[in-house]
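Taking it in order: structure first as structure tokens, then the write-up.
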Amino acid sequence: MQITTELFTWYSENKRELPWRNTREPYHIWLSEIMLQQTRIEQGLPYYYRFTEKYPTVFDLANAPIDEVLKLWQGLGYYSRARNLHETAKFVTEKLNGVFPKSYVELKKLKGIGDYTAAAIASFCYNEPVAVVDGNVYRVLSRLFDLDTPINSSAGIKEFKLLAQEILNKKDPATHNQALMEFGAIQCKPQNPYCLLCPLSSKCLALRNNTVKERPIKLKKSKIKHRYFNYLVFNHQDKKTLLEQRTGKGIWNGLYQFPLVESNDHFSEKELIASEDFKKILGEREFEITLFRDEPKIHKLSHQHLHTRFWIVETKLDLDKSIFINEVEKYPVPVLIENFLNEYLSEAYN
DNA sequence: AAGCCGGGGAA
DNA sequence: TTCCCAGGCTT
């Protein structure tokens with residue numbers, strides 16, 4: 001099926017003006033693509049501006065401390081992207097003299113660059129004829145060809161990649177890839193696509209078969225896990241508090257938070273104080289504890305719901321490694337912590 | 001092959 | 001509420 005004429009015409013008339021569309025520099029393309037992974041353009045755009053201003057070149061990014069990069073990334077989610085971004089910046093700077101690889105195969109070897117991102121950079125920057133397959137492309141192709149293979153099955157991933165490569169315009173893969181994604185985002189959108197005035201409507205098999213609303217097919221994801229967080233917000237002399245850094249493989253790896261006591265269900269004050277985690281942190285110190293909000297704050301992630309309570313713990317003795325409470329904002333923290341801090345500081349110190 | 005990793009906006 | 005977003009990594 002040939003769609004180039006209709007697609008390119010639609011694109012020239014409907015494309016949005018975006019900063020990374022005015023360049024072929026791999027650094028800027030790469031930065032934008034990492035930020036836009038599983039992220040809406042409107043959400044990523046302000047971050048793109050902040051990053052390119054603070055780090056005009058890959059050298060600037062590579063030389064920055066990781067905590068500074070994470071702080072700038074704060075609120076964008078999927079924080080491993082920021083750590084991989086920084087690692088790859090250092091690799092490109094130190095091992096490749098600051099020059100990005102120029103082919104799909106070589107790009108894919110870099111940390112944080114998978115199938116999609118390698119194809120995006122290779123086609124946008126170097127016009128390599130490799131098709132991108134993102135959420136938009138899955139949707140457009142599944143409708144255009146009325147395919148019911150689940151897009152998140154291994155068979156689907158293979159099938160759609162092959163199909164995308166077949167219909168790719170090999171003379172102008174850069175425009176083709178961008179146009180197809182933009183078409184999926186604006187015209188062939190998930191809900192209520194504009195089929196009535198679609199330039200591809202005569203070729204769309206799903207429209208002909210009345211299955212547009214059922215495309216694409218996607219396997220259901222696992223159910224949501226519930227967790228119960230008790231944060232200990234220390235407040236002792238001179239308004240100092242305690243932070244810890246999250247490590248390991250779970251959520252928010254590398255970000256900072258108040259000392260955390262996790263439980264299998266909601267803790268009463270008595271249960272919290274009796275817990276081993278609490279005793280380990282407090283030791284033999286005297287303290288006075290108050291709950292910040294009556295109702296737990298439920299922070300919803302895509303795969304788990306966090307039932308969180310913030311306990312204000314007043315102590316007289318100083319603790320090791322404590323910092324002033326108004327210094328917390330210098331650290332990269334989850335949005336949950338950021339939101340709490342804003343509420344707490346505006347109420348407690350105003 | 002399946003699970004995990006954030007936060008926000010739209011319907 | 002549910003879905004999905006210019007996906008990638010780990011097990």
Side-chain angles (χ1 to χ4, degrees), chain A residues 15-16 18-21 28-48 70 73-85 87-88 107-121 123-124 131-140 150-158 160-161 164 174 176-186 188-193 213-225 227 246 248-255 298-306 332-339:
Chain A
K15 72 170 179 180
R16 292 166 287 185
L18 297 170
W20 48 84
R21 288 200 172 138
H28 291 97
I29 300 295
W30 166 66
L31 183 59
S32 71
E33 292 303 337
I34 301 297
M35 285 182 165
L36 294 178
Q37 288 168 4
Q38 292 294 289
T39 305
R40 293 173 187 280
I41 286 177
E42 309 85 71
Q43 188 186 2
L45 202 50
Y47 288 84
Y48 177 81
L70 282 171
W73 195 273
Q74 181 179 308
L76 201 51
Y78 286 147
Y79 296 93
S80 65
R81 289 185 294 170
R83 293 194 304 278
N84 288 335
L85 186 82
E87 274 196 50
T88 293
L107 284 162
K108 209 161 122 49
K109 293 176 181 174
L110 300 178
K111 263 188 186 170
I113 297 185
D115 228 326
Y116 163 79
T117 307
I121 300 174
S123 63
F124 298 168
V132 297
V133 186
D134 75 330
N136 294 305
V137 175
Y138 279 122
R139 185 171 51 256
V140 173
I151 59 172
N152 54 346
S153 65
S154 41
I157 293 170
K158 250 186 250 176
F160 280 90
K161 185 172 177 56
H176 174 102
N177 280 336
Q178 298 214 42
L180 198 56
M181 290 193 285
E182 190 78 335
F183 182 79
I186 294 177
C188 195
K189 52 196 179 115
Q191 307 293 333
N192 308 316
K213 284 175 68 177
E214 297 149 38
R215 300 287 178 266
I217 300 286
K218 198 171 184 179
L219 298 174
K220 281 177 296 191
K221 52 193 175 216
S222 55
K223 60 174 185 241
I224 289 169
K225 181 181 178 187
R227 301 174 70 181
R246 293 186 66 92
K249 295 174 182 175
I251 56 171
W252 301 330
N253 185 17
L255 272 60
I298 302 178
H299 188 74
K300 294 177 179 177
L301 307 178
S302 41
H303 48 289
Q304 47 185 293
H305 286 358
L306 308 177
V333 299
V335 165
L336 169 68
I337 301 293
E338 173 80 358
N339 290 343

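The model shown is predicted, which means the values in this text are computed figures rather than measured ones. Just so we're on the same page: letters track the sequence lines, and every chain starts at 1.
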Q) Can you check whether A:H299 has a side-chain N or O nearer than 4.0 Å to OP1 or OP2 of B:dG7? A) yes

**Q.** Atom pair distance, as rounded to whole Å: CD in A:E33 and P in C:dG7
**A.** 9 Å

Q: Between C:dG8 and B:dG8, how far apart are the P atoms? Round to whole Å, please.
A: 22 Å

Q | Most 5' of A:G112 and A:F124 on DNA chain C, judged by nearest nucleotide | A | A:F124

Q) Whole Å only: how far is the CD atom of A:Q74 from the P atom of B:dG7? A) 9 Å

Q. Has the side chain of A:R81 got a donor or acceptor atom that lies under 3.5 Å from a matching backbone atom of A:W73?
A. no

Q | A:K189, NZ: over 12 other non-hydrogen atoms inside 6.0 angstrom | A | yes

Pick out the pairs of N or O atoms, protein on one side and nucleotides 1-5 of chain C on the other, that lie under 3.5 Å.
{"unit_1": "C:dC4", "atom_1": "O2", "unit_2": "A:R40", "atom_2": "NH2", "d": "3.1"}
{"unit_1": "C:dC5", "atom_1": "OP1", "unit_2": "A:R139", "atom_2": "NH1", "d": "2.7"}

Q: Report the distance from atom NZ of A:K225 to atom C1' of B:dC5, rounded to the nearest whole Å.
A: 13 Å

Q. Within the structure, does a side-chain N or O atom of A:W252 lie under 4.0 Å from either OP1 or OP2 of B:dG7?
A. yes

Q | Gap between atoms CG and P, on A:L336 and B:dG7 respectively (whole Å) | A | 8 Å

Q | Nearest-angstrom distance from the residue atom CZ of A:R83 to C1' of B:dG6 | A | 12 Å

Q) Base, sugar-phosphate, or nothing: which does A:N177 touch, judged by heavy atoms less than 4.0 Å apart? A) nothing

Q) side chain to side chain contact (heavy atoms under 4.5 Å, CB included) with A:P46: which residues, sequence neighbours excluded? A) A:R50

Q: Sequence neighbours left out, what passes side-chain hydrogen bond (donor to acceptor under 3.5 Å, both in side chains) with A:K111? Give chain and number order.
A: A:E87

Q. Checking all strands, does A:T117 fall into the base, sugar-phosphate, or nothing category for heavy-atom contacts under 4.0 angstrom?
A. sugar-phosphate

Q: Might you work through the side-chain contact (heavy atoms from CB on, under 4.5 Å) test for A:V140 and A:V137, ending with a clear yes or no?
A: CA-CA 5 Å; A:V140 173; A:V137 175; 5.8 Å; no

(Q) At 4.0 Å (heavy atoms only), tell me whether A:G44 reaches a base, stays on the sugar-phosphate, or touches nothing. (A) nothing

Q. Toward the 5' end of DNA chain C, which comes first, A:S32 or A:L110, by nearest nucleotide?
A. A:S32

Q. When we call it a touch if two heavy atoms are under 4.0 Å apart, what does A:L76 touch: a base, just sugar-phosphate, or nothing?
A. base

Q.
In whole Å, measure the gap between the P atoms of B:dA11 and C:dA6 for me.
A. 14 Å

Q. Could you state the CG-C1' distance from A:N339 to B:dG8, rounded to the nearest angstrom?
A. 12 Å

Q) Quick one: on DNA chain B, does A:R227 or A:N152 contact a more 5' nucleotide (nearest heavy atom)? A) A:N152

Q. Quick one: side-chain hydrogen bond (donor to acceptor under 3.5 Å, both in side chains) partners of A:R83, sequence neighbours excluded?
A. none

Q: Under the side chain to side chain contact (heavy atoms under 4.5 Å, CB included) rule, collect the residues that match up with A:T117, sequence neighbours excluded.
A: A:E33, A:I34, A:Q37, A:I113, A:I121

Q: Mind checking A:Q304 for me? I need base, sugar-phosphate or nothing, with any heavy atom below 4.0 Å counting as a touch.
A: sugar-phosphate

Q.
Rounded to whole Å, please give me the gap between CG in A:L70 and C1' in B:dG7.
A. 16 Å

Q) Looking across every strand, which nucleic acid part, if any, lies under 4.0 Å from A:W73 by heavy atom: base, sugar-phosphate, or nothing? A) nothing

Q. Does A:H303 make a side-chain N or O approach to OP1 or OP2 of B:dC4 shorter than 4.0 Å?
A. no

Q: Tell me, please, which residues at least two apart from A:K300 pass side chain to side chain contact (heavy atoms under 4.5 Å, CB included).
A: A:I298, A:H305

